[in-house]
2 protein chains.
Amino acid sequence: MVFSSKLIEDAVQELSRLQGIGKKTALRMVLQLMKMEKEQVDGFTSAISRMRHELRFCDECFNVSDAALCAICSNRARNHTQLCLVENIRDVIAIESTQQYNGLYHVLGGILSPLDGIGPEHLNITSLHKRVTDKQIEEVIMALSPTIEGDTTVYYIARQLKDLPVHITTIARGIAFGGELEYADEMTLARSIAKRLPIENYVHVHGKNAI
Amino acid sequence: MVFSSKLIEDAVQELSRLQGIGKKTALRMVLQLMKMEKEQVDGFTSAISRMRHELRFCDECFNVSDAALCAICSNRARNHTQLCLVENIRDVIAIESTQQYNGLYHVLGGILSPLDGIGPEHLNITSLHKRVTDKQIEEVIMALSPTIEGDTTVYYIARQLKDLPVHITTIARGIAFGGELEYADEMTLARSIAKRLPIENYVHVHGKNAI
């Protein structure tokens, strides 16, 4: 693309650094920003700038945070004896958005993946062990992706914690709501039959208080 | 979506102002920006900010510009007797990207649309008339979209300029390169038969010097 303005070219160049944004989409964004009020654009850029410069990680759970302790860890109304172990902050947002979980989180910062050179020392596992010991955690819920690496990580961490007086659970696997039985993969279907639930649980899950 | 950080929430909020960007896409962008170096993010925000604050419009052709006269109008190597009339700066970028046009532009800033309340007084038509008169323009190429409004605008402007010693042309309509005949609409197909070209032109157009 040939731009007759260096200012537009630079802005398009910067916006197209973002994943999934090509030159044409970036140009459309630039033209939209061009038409916005100057104050609005200032708000736009300063929100991004402040996010990058002021954002930090929670000292306790490694979730993103505006202060030393994140809004979840510092919330006294939440259950401080329950930890939900997740891979990254996107999973925290996903689980928080269900509004069904009232405990705390622990963000691993990845999952074990020897092929990518990610070993236990790269993840927040030591801090998890310390936290479970020091804070009298009663339950650790493993909410990792059901992949080979995810399962390996669950297994590894479960072994690390096995001498501590903590209850370890994993999130339920099975057929998703709205999913069609015939399109489910064999492993999921087999497991969802093996781990079938009494009908009372079914009613319970469909009600409001799932957790 | 529930974010545990106000900084992230604000950044997602601002990014999702952009057309075609939902909350999930905005969050993915924020997570990417979060991982970028601070200097890179500063470059990102300052390019957008400078674009909005420093960008102006060319005094001659109303194209976006970094100075009083845009890079095209101030280029002495271009043909200053030819004007290409376009609706907006996006069309300038599209035509410039073909690298086949060597004249100047005149950006109308819209097309006539009585239903949307856009009349001749809202477009850069008076300035076009003055420019054609003062600058001894020899040809005005109408490059507007082939819609009812576009054709109305072409007709209106052609009438405004009819007393001036200027040659008025419109861009060719017809079957697009790579287009399948059977899928072309009837009007386009009928017109491309009525306005058929001698075979010499065909060879010429397929060569390098189309304009």
Side-chain angles (χ1 to χ4, degrees), chain A residues 1-8 10-15 17-21 25 27-34 36-38 40-56 58 63-66 70-73 75 88-90 92-99 105, chain B residues 1-8 10-15 17-21 25 27-34 36-38 40-56 58 63-66 70-73 75 88-90 92-99 105:
Chain A
M1 265 194 239
V2 178
F3 305 99
S4 52
S5 152
K6 184 85 177 73
L7 292 166
I8 289 202
D10 287 348
V12 166
Q13 183 68 37
E14 289 294 333
L15 278 164
R17 279 176 191 271
L18 297 173
Q19 275 162 24
I21 305 297
T25 312
L27 176 62
R28 218 184 50 215
M29 289 175 172
V30 167
L31 296 180
Q32 192 191 340
L33 286 162
M34 214 174 83
M36 277 163 58
E37 293 294 324
K38 283 184 182 169
Q40 272 193 307
V41 175
D42 290 345
F44 179 91
T45 52
S46 87
I48 293 172
S49 182
R50 276 195 304 123
M51 184 275 294
R52 181 62 189 87
H53 285 275
E54 293 174 24
L55 201 68
R56 43 188 294 181
C58 175
N63 185 14
V64 285
S65 174
D66 301 349
C70 78
I72 296 173
C73 285
N75 184 348
N88 55 43
I89 62 164
R90 219 177 308 189
V92 174
I93 293 169
I95 296 175
E96 280 299 284
S97 298
T98 68
Q99 303 191 315
Y105 292 89
Chain B
M1 264 195 239
V2 178
F3 304 99
S4 52
S5 151
K6 184 88 178 66
L7 292 165
I8 288 203
D10 288 348
V12 166
Q13 183 69 36
E14 290 294 331
L15 278 165
R17 278 176 191 272
L18 298 173
Q19 276 162 23
I21 304 296
T25 313
L27 175 62
R28 216 185 49 212
M29 290 174 171
V30 167
L31 297 181
Q32 192 191 339
L33 286 163
M34 214 175 83
M36 276 163 59
E37 294 294 323
K38 282 182 182 169
Q40 272 193 308
V41 176
D42 291 344
F44 179 92
T45 53
S46 87
I48 293 172
S49 182
R50 277 194 304 125
M51 185 273 295
R52 181 64 190 84
H53 286 274
E54 293 173 25
L55 200 68
R56 43 189 294 182
C58 175
N63 186 14
V64 285
S65 175
D66 301 350
C70 78
I72 296 173
C73 286
N75 184 348
N88 55 42
I89 61 163
R90 221 179 308 191
V92 174
I93 293 170
I95 296 176
E96 279 299 284
S97 297
T98 67
Q99 302 191 315
Y105 292 89

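These numbers come from a predicted model, not from an experiment. Just so it is clear: chains get the letters A, B, ... in the order the sequence lines come, proteins before strands, and each one is counted from 1.
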Is there side-chain contact between A:Leu31 and B:Asn88, with at least one heavy-atom pair below 4.5 Å?
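In short, these two side chains do not touch, never coming nearer than 4.5 Å.
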
Can you say whether [X] sits under 4.5 Å from chain B via the side chain, the backbone, both, or neither, judging by heavy atoms?
X       : result
A:Ile21 : side chain
A:Val64 : both
A:Arg28 : side chain
A:Leu27 : side chain
A:Glu96 : both

Chain A interface, residue from [options] that has the most non-hydrogen pairs under 4.5 Å:
options                           : result
B:Asn75, B:Ile93, B:Ile72         : B:Ile93
B:Gln19, B:Gln13, B:Lys6, B:Gln40 : B:Gln19
B:Thr25, B:Val92, B:Val30         : B:Val30
B:Gly20, B:Ala94, B:Ser4, B:Ser65 : B:Ser4

Could you check which of A:Val12, A:Leu15, A:Thr98, A:Ile95 has the highest count of heavy-atom pairs closer than 4.5 Å to chain B?
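Looking at each of A:Val12, A:Leu15, A:Thr98, A:Ile95 in turn, A:Leu15 comes out on top.
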
Rounded to the nearest 0.5 Å, what separation is found between the [atom1] atom of [X] and the [atom2] atom of [Y]?
X       : Y       : atom1 : atom2 : answer
A:Arg56 : B:Leu7  : CZ    : CG    : 11.0 Å
A:Asn63 : B:Phe3  : CG    : CZ    : 12.0 Å
B:Ile8  : A:Ile89 : CD1   : CD1   : 4.5 Å

On a heavy-atom basis, which atom in B:Ala47 and which in A:Glu14 lie closest, and how many Å separate them?
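Looking at all heavy atoms of both residues, the shortest contact is CB-CG, 3.6 Å.
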
Is there a donor-acceptor contact under 3.5 Å from the side chain of A:Gln99 to the main chain of B:Val2?
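Answer holds: no.
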
Pairs involving residues 45-55 of chain A, ordered by first then second residue, that meet side-chain hydrogen bond (donor to acceptor under 3.5 Å, both in side chains) (sequence neighbours left out):
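Found A:His53-B:Asp42.
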
